[in-house]
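Take a look at the structure set out below.
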Amino acid sequence: MTIRVLVADDHEVARTLVVHTLQAIGFEVYAVADGKAALEGAATFRPALMMIDVNMPESNGFEVLQRIKETPELRHIPVVMLTAAGTSQDIARALDMGAADYLTKPFSPAELLARVRRLARDIERASKVTLQATG
């Protein structure tokens with residue numbers, strides 16, 4: 001099963017690092033640079049996982065997360081928040097809003113991969129349960 005990941009980060013270097021790291025392990029990645037494009041991409045690309053920067057133009061990461069969790073067709077998508085804003089209040093806010101994880105920049109590719117692999121396992125388990133329930 002190929003995991004589709006949407007990455008939204010207005011910082012090109014950070015976005016490129018995440019994209020290349022995920023593509024290197026076989027994930028299909030769609031990258032955007034702002035919150036509006038993240039919401040549009042979620043609707044059209046239909047990712048299994050989203051990685052969203054908090055500080056972006058058009059809509060910040062918290063606004064994107066809120067819209068994702070309010071949209072019935074998208075609310076099941078796990079969202080990982082990526083940000084340099086790693087205050088305990090920001091982390092608690094994101095998790096309370098439904099984020100699956102919170103990764104503070106700078107982060108190592110190894111930490112990124114470990115967190116994404118964990119979520120990918122959860123996604124694969126959930127899809128197997130859904131297939132068994134409908135099959």
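- Two residues are said to be in side-chain contact when any heavy atoms from C-beta on lie closer than 4.5 Å; Met51 and Val18 meet this criterion.
- Put simply, the side chain of Glu124 never gets that close to the backbone of Arg121: no donor and acceptor are under 3.5 Å apart.
- Using modelled atom types, no side-chain atom of Lys69 and backbone atom of Val64 make a donor-acceptor pair closer than 3.5 Å.
- Gly61 and Ile52 get closest at one heavy-atom pair: CA-CG2, 3.6 Å.
- In this structure, Glu73 and Arg46 have side chains that are in contact, with non-hydrogen atoms separated by less than 4.5 Å.
- The two residues Arg115 and Tyr102 come nearest to each other via the heavy atoms NH1-O, 3.6 Å.
- Shown here for Asp9 and Met56, the closest heavy-atom pair between the two residues is N-SD, 3.9 Å.
- When every heavy atom of Arg93 is checked against every heavy atom of Phe62, the shortest pair comes out as NH1-CD1, 3.3 Å.
- In this structure, Thr71 and Arg67 approach most closely via the heavy-atom pair OG1-O, 2.7 Å.
- Under the 4.5 Å side-chain criterion, counting only non-hydrogen atoms from C-beta, Val7 is in contact with Leu22.
- Using a 4.5 Å cut-off on side-chain heavy atoms (C-beta onward), Leu49 and Pro78 make contact.
- Within a 6.0 Å radius of CD in Glu70, other residues, nucleotides and ligands contribute more than 12 heavy atoms.
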